[in-house]
Novice: 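Let me give you the structure first, and then I'll get to my questions.
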Amino acid sequence: MLAPLRYRRLLRIPLRSLTGQTSSQHPAHTPAVPITKHPFNRNSPLESLQFLTRPAAKIPIRSPAAVPTPNNRDVRILKLNFIQALSENDSLKTWKLYLELKQAAPDSVRHFLTVHVLRFVQLLARALPMDEFPRKAVEDVVEYCDASLSDVLVKRWLYVLVYREKLAMDHVWDAIDKREAKLNQQRKLKPSIPVVPYLGAESLQFLLEAYLRQNHNVFSKKDMDLVLPSRLFDYIARKNLPLSPALCQRFMSEYAAFHDGKRARGLWDYMKASNTKLNYKTAEYLIAAVARHQSSNFNNKDVMDLVSDVTNSGVVLSTRMFNSIIRWTKLRGGNLWAIDDFWFRNMLRNNCKPNFTTLTVLVQIASVSCQKVPTPMQAAFLVDSRLSAMIAATFKAVETGDIPAYPPPTFDQVPLCAIMQQFAATVCKYFSSIDRIAPVVILTEYYVRNKNLSSAVALFDEIKSKGFHPTSRLYGQLLKGALIDGNDESIQYLSSSASADGIVPDKHLYHELIKADLKIGNVGNAFQLVDEMLQADYLGVSSRSARHVLDDIMMADIITDLGERGLYDVIFHLFNRIKSREGGYHLGPLVASKLLSYSAPITSSDPHFASPAVFSSSESANASNSPIPLNRLTSKSQSTTFYPPMSPLEIIAYYTAQQGVQFDDAICSAAIGAVIRSKLPMSTMLDLFRRFEMSGMAITPQMLCYAAEAYSECRNVEGVQWVVKVLTELQPEFKEWNMDGEVERDLWKRVWMASLVANVKSGFLEGVVNAIHEVCRLSAGPGSSGTEPINFDILSAVDRDRILKGINGLLIMKARAHDVPGVVALIKIITGQGVRPSVSALKMICWKNLEDEVNAAMGDNWL
């Protein structure tokens, strides 16, 4: 059965035999033990995961003296043995049989090997042990089979250089030059060899991918202004290779995969200058690359201008293009109004019908951006009114097949549970036409998050009964839910099912099980898995990412879970542990923003995990020099306030020291909050803004809004007033940031809400009243003069609840301080709007014996 990897001891060695350096071949496996014979251990439910990773069988290597001479061997038997070893993925045996075949019949077997050369070279490139020199083996095979110019085989040879020998790209290009020189020498002896470039389209695409991966998607300083790496571009120019539409499509697909919108737009400009035709797929990759780009230099208007440019080039826009833009606009932190105004309505105007993928993307956004609203019975999660309208229109489009009428007459918030229920029914109804498992993953994640494992398992059973093959990510989510619930029966069932489906541990399964461990408090077990992932060194030939890799998303999730548990110190020890590994660590924007959010003094409010994790005294003394195994972390401490070992400025310095990195809104907002929480002087904040501008990040009104909200959390009224003053001076320039109308009002409302919170926490009644006036003025619309009295009826439900919460909090504070005039003034504000003080506020008034004075000022019947 597939149980969480956290408990396995017996599995650790087999796992490393598949992913580490102990086994680089793929022999035939011994028959698996029947699933029903695997015992289940409640205290260690994942020890029975052995069926997932059977130990590799050792292949006996015979000494050269034991090999019979060629004259005593039947060539036919050698061929049959070669085919059998090839089918068993036995690289070493296949290689030795190849050498025997060459020696037995060097000319007659060439045609036989040519038939199998592609599969043979692929096996040698991936699995031949390094002591057998896979690079020379591949070169020998392609030369013997006269296939030196096959682009597919050249790509396999490059794979050995990049991923097996781990050469830097400059050394890879040196090896390419040597191969070409050798090929030119062979042409002199054999003129029949065609004079064509050694690298074809597939090889050039692979070299671009390898360059982006090795440099963490960052161009070196000498290549910063180029659309392609310099040596790649020089090769294309030297060989007079045209940047054909097909080759541009390959390059653009890599920029889309690595989220490099800057280079994608540069390549598009180069295509226009050289009159290269833009085909549909290249346009799709171009839009995806720009939409996925993390830098705030690419806003919605930039993407809109690009879409218009693509349309003018004769490419017809598609629903798929808009789906990509909508999804990545939200992932980059875009607002829902931008998705609605810029993209959903434009999709309908261009006669692009929302499809099931559109619905999946919008439901996924709703599941992570819904707002918790208290109700009389229990808390409900409501979806934004604009997003609810887009989802309703997309449901109609999927049902009727027509482009729906939009926008609707009214926008209303809809409970998330109602949307997910309708989405589940739609998934089951149109399941036969679904080509991806993403809708099922979204539903499963929702069920697990709401502790509804039975519905998740029922959906899983239904899709399996209809012939859909579950993925490791889906199994990971289900197992996470079963582990959190402690459901042994579900763990057994899912383990057996995973065994039958041939699921093996990969990064998706690791990710979910690590999150489950952290959720239930098994931090040591979670970090055992992290250590195993750091030791794994397996890269797939056709995969863009490592099979076991601690990527930016997983690292950010681990940091978030540790922060929620109050294990703040562990976060930075984990970061130091990963930095110290061989090859260093590239700090991505997502992890940088998470580290910054914890890089200031924090006081935990979790009663069960209020104490941050620390090391023993001997470990603490050496923490900076020698990383400590993660499973030795503990959560015992004497203090409830955590002082991080790294300042926010240190993290920013580490991040900016990396080549070509850029700031985004998440990093800037986290850095601003960390600097403010650290109570550094205002000059530090101005210095931080200068650093942002030097890195190409504009200081936008949204960034100042982040500063206002951070100041309010720290009860810094002066800081909020400083932001209000700066924004007032910048207001005439708001149009340069595409801010007008509703967007500008929303931003000012956030700032005045921050002012309200800061004044409530500081006990300043006048500031609270002024902030309420401003929020009401902004809610009244552009025609408001600002002199109208406070009116709660024009406020949204969310704004009204926040203001009442602030007033009641200040009312309790004033009552505790025996400030009767302040208590009376606040009561008059809310009773004038038909609202009574909260029960807690009334209790405080009575407890401090202020009821007589309040009644005297308000009258006996004011309640």
Novice: Show the nearest heavy-atom pair for residues S313 and W268, with the distance to one decimal.
Specialist: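 Answer, listing the atom of S313 first, then W268: OG-CH2, 3.2 Å.
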
Novice: Is there a side-chain contact (heavy atoms from CB on, under 4.5 Å) between T311 and V316? Walk through the geometry before answering.
Specialist: CA-CA 6 Å; T311 305; V316 179; over 6 Å; no

Novice: Could you give me the CA-CA distance, side-chain angles and deciding distance for M554 and K515, then say whether side-chain contact (heavy atoms from CB on, under 4.5 Å) is met?
Specialist: CA-CA 9 Å; M554 182 183 293; K515 290 167 67 176; over 6 Å; no

Novice: Do any N or O atoms from the side chain of S324 and from the backbone of M321 form a donor-acceptor pair under 3.5 angstrom?
Specialist: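 No; zero donor-acceptor contacts below 3.5 Å.
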
Novice: What I'd like to find out is whether the side chain of M130 reaches to under 4.5 Å of the side chain of R135, using heavy atoms alone.
Specialist: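 Result no, sub-4.5 Å side-chain heavy-atom pair not found.
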
Novice: What heavy-atom pair brings W343 and V307 nearest, and what distance separates the two atoms?
Specialist: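 Of all heavy-atom pairs spanning W343 and V307, the closest is CZ3-CG2, 4.2 Å.
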
Novice: Looking at S150 and A147, would you say the former's side chain and the latter's main chain have a donor-acceptor pair under 3.5 Å?
Specialist: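 Not a single qualifying donor-acceptor pair exists.
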
Novice: Distance from E284 atom CD to N279 atom CG, nearest 0.5 Å?
Specialist: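 The CD atom of E284 sits 10.0 Å away from the CG atom of N279.
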
Novice: Answer yes when K239 and D234 have at least one side-chain N-carboxylate O distance shorter than 4.0 Å, and no when they do not.
Specialist: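 No salt bridge links K239 with D234.
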
Novice: Counting distance only, does the side-chain N/O of D309 pair as donor-acceptor with the main-chain N or O of D305 below 3.5 Å?
Specialist: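 Absent.
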
Novice: Applying side-chain contact (heavy atoms from CB on, under 4.5 Å), run through W173 and Y235 and close with a yes or a no.
Specialist: CA-CA 10 Å; W173 280 106; Y235 184 89; 3.8 Å; yes

Novice: Using the rule given for ring-ring contact (aromatic ring centres under 6.0 Å, His included), can you reason through Y654 versus F575, listing the C-alpha separation, both sets of side-chain angles and the distance that settles it, and then say yes or no?
Specialist: CA-CA 12 Å; Y654 182 91; F575 178 57; 5.7 Å; yes

Novice: Do the side chain of S472 and the main chain of L509 share a donor and acceptor less than 3.5 angstrom apart?
Specialist: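 Absent.
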
Novice: Does the distance from a Lys or Arg side-chain N to an Asp or Glu carboxylate O, for E209 and K155, drop under 4.0 Å?
Specialist: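 Salt bridge between E209 and K155, a charged N being under 4.0 Å from a carboxylate O: no.
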
Novice: Side chain of D340, backbone of L336: donor and acceptor closer than 3.5 Å?
Specialist: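 Checked: no pair found.
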
Novice: Considering only heavy atoms from C-beta outward, does the side chain of L208 approach that of P229 to under 4.5 Å?
Specialist: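 In short, these two side chains touch, coming nearer than 4.5 Å.
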
Novice: Please report the interatomic distance CG(D501) to NE2(H469), rounded to the nearest 0.5 Å.
Specialist: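 Output value for this atom pair is 5.0 Å.
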
Novice: N355 pairs by side-chain hydrogen bond (donor to acceptor under 3.5 Å, both in side chains) with which of T360, N323, T319?
Specialist: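 Answer to the side-chain hydrogen bond (donor to acceptor under 3.5 Å, both in side chains) test with N355 among T360, N323, T319: N323.
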
Novice: Would you say the ring centers of Y211 and F206 fall short of 6.0 Å from each other?
Specialist: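 Not close enough - the centres of the two rings lie 6.0 Å or further apart.
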
Novice: Using a 4.5 Å cut-off on heavy atoms from C-beta on, say whether the side chain of W95 contacts that of F120.
Specialist: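 Counting from C-beta outward, F120 and W95 do come under 4.5 Å.
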
Novice: Evaluate the side-chain proximity of M347 to K353: yes if any heavy-atom separation is below 4.5 Å, no if none is.
Specialist: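 No; the side chains remain at least 4.5 Å from each other.
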
Novice: Determine whether a donor-acceptor pair (N or O, by modelled atom type, separation under 3.5 Å) exists between the side chain of D151 and the backbone of G200.
Specialist: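 Such a contact is found between D151 side chain and G200 backbone.
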
Novice: Which heavy atom of F356 sits nearest a heavy atom of P439, and at what distance?
Specialist: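 Result for this residue pair: CE2-CG, 3.5 Å.
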
Novice: Is the backbone of K136 close enough, under 3.5 Å, to the side chain of D140 for a donor and an acceptor to pair up by distance?
Specialist: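 Such a contact is absent between D140 side chain and K136 backbone.
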
Novice: Taking all non-hydrogen atoms of both residues, which atom of S91 and which atom of P129 are closest, and how far apart?
Specialist: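 Where S91 meets P129 most closely, the heavy atoms are OG-CD, 4.1 Å.
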
Novice: Could you check whether any side-chain N or O of R164 sits under 3.5 Å from a backbone N or O of L128, counting only pairs where one atom can act as donor and the other as acceptor?
Specialist: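 Confirmed, R164 side chain pairs with L128 backbone.
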
Novice: Using a 6.0 Å distance limit plus a 45 degree cone around the ring axis, check whether K272 lies over the aromatic ring of Y270.
Specialist: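 Because its charged atom misses either the 6.0 Å distance or the 45° angle limit, K272 does not stack over Y270.
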
Novice: Can you check whether R187 reaches N184 side chain to side chain, under 4.5 Å on heavy atoms?
Specialist: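 Touching, per the 4.5 Å side-chain cut-off.
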
Novice: Verify the neighbour count for atom NZ of K281: are there more than 12 heavy atoms of other residues, nucleotides or ligands below 6.0 Å?
Specialist: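 Result for NZ/K281: enclosed.
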
Novice: Other residues, nucleotides and ligands only: do more than 12 of their heavy atoms fall within 6.0 Å of NE2 on H171?
Specialist: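 Result for NE2/H171: open.
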
Novice: If you compare all heavy atoms of A256 against all heavy atoms of Y285, which two are closest, and at what distance to 0.1 Å?
Specialist: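 It is CB-O, 3.5 Å.
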
Novice: With a sphere of 6.0 Å drawn around CZ of R320, does it hold more than 12 non-hydrogen atoms of other residues, nucleotides or ligands?
Specialist: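 It does not: R320 CZ has 12 such atoms or fewer within range.
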
Novice: Looking only at heavy atoms, which two atoms of V227 and L267 are closest? And how far apart?
Specialist: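 Closest heavy-atom pair between V227 and L267: CG1-N, 3.6 Å.
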
Novice: Return yes when atom CZ of R473 has more than 12 non-hydrogen atoms of other residues, nucleotides or ligands closer than 6.0 Å, and no otherwise.
Specialist: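 12 or below, so no.
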
Novice: Is any side-chain heavy atom of S148 less than 4.5 Å from a side-chain heavy atom of R179?
Specialist: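 When only atoms from C-beta onward are counted, R179 and S148 do touch, with a gap below 4.5 Å.
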
Novice: Under the 3.5 angstrom rule, does the side chain of Q658 hit a backbone N or O of Y655 as a donor-acceptor pair?
Specialist: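 Such a contact is found between Q658 side chain and Y655 backbone.
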
Novice: Is the backbone of I365 close enough, under 3.5 Å, to the side chain of S369 for a donor and an acceptor to pair up by distance?
Specialist: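 Yes; judged by distance alone, with no hydrogens or angles, the pair exists.
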
Novice: Find the distance between CG (L123) and CG (L118) and round it off to the nearest 0.5 Å.
Specialist: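 Answer for the CG-CG pair, L123 versus L118, is 11.5 Å.
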
Novice: Hey, mind stepping through T282 and V315 against side-chain contact (heavy atoms from CB on, under 4.5 Å) and telling me if it holds?
Specialist: CA-CA 10 Å; T282 307; V315 176; over 6 Å; no

Novice: Please examine the side chains of L362 and L359, heavy atoms only from C-beta on, and report whether any two atoms are closer than 4.5 Å.
Specialist: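 Counting from C-beta outward, L359 and L362 never come under 4.5 Å.
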
Novice: Heavy-atom distance under 4.5 Å between the side chains of V154 and E202, does that happen here?
Specialist: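 Side chain of V154 against side chain of E202, heavy atoms only: no contact under 4.5 Å found.
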
Novice: Can you tell me how the ring of Y198 sits relative to the ring of W157, calling it parallel under 30°, perpendicular over 60° and tilted otherwise?
Specialist: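 Perpendicular: the ring planes of Y198 and W157 meet at over 60°.
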
Novice: Atom CG of L158 and atom CG of L207: how far apart are they, to the nearest 0.5 Å?
Specialist: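 One gets 5.0 Å once the value is rounded to the nearest 0.5 Å.
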
Novice: I need the L232 CG to Q205 CD distance, nearest 0.5 Å.
Specialist: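 L232 atom CG to Q205 atom CD measures 11.0 Å (nearest 0.5 Å).
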
Novice: Give, for atom CG of L286 and atom CE of M271, the distance between the pair rounded to the nearest 0.5 Å.
Specialist: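 Between L286 CG and M271 CE, I get 8.5 Å after rounding to 0.5 Å.
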
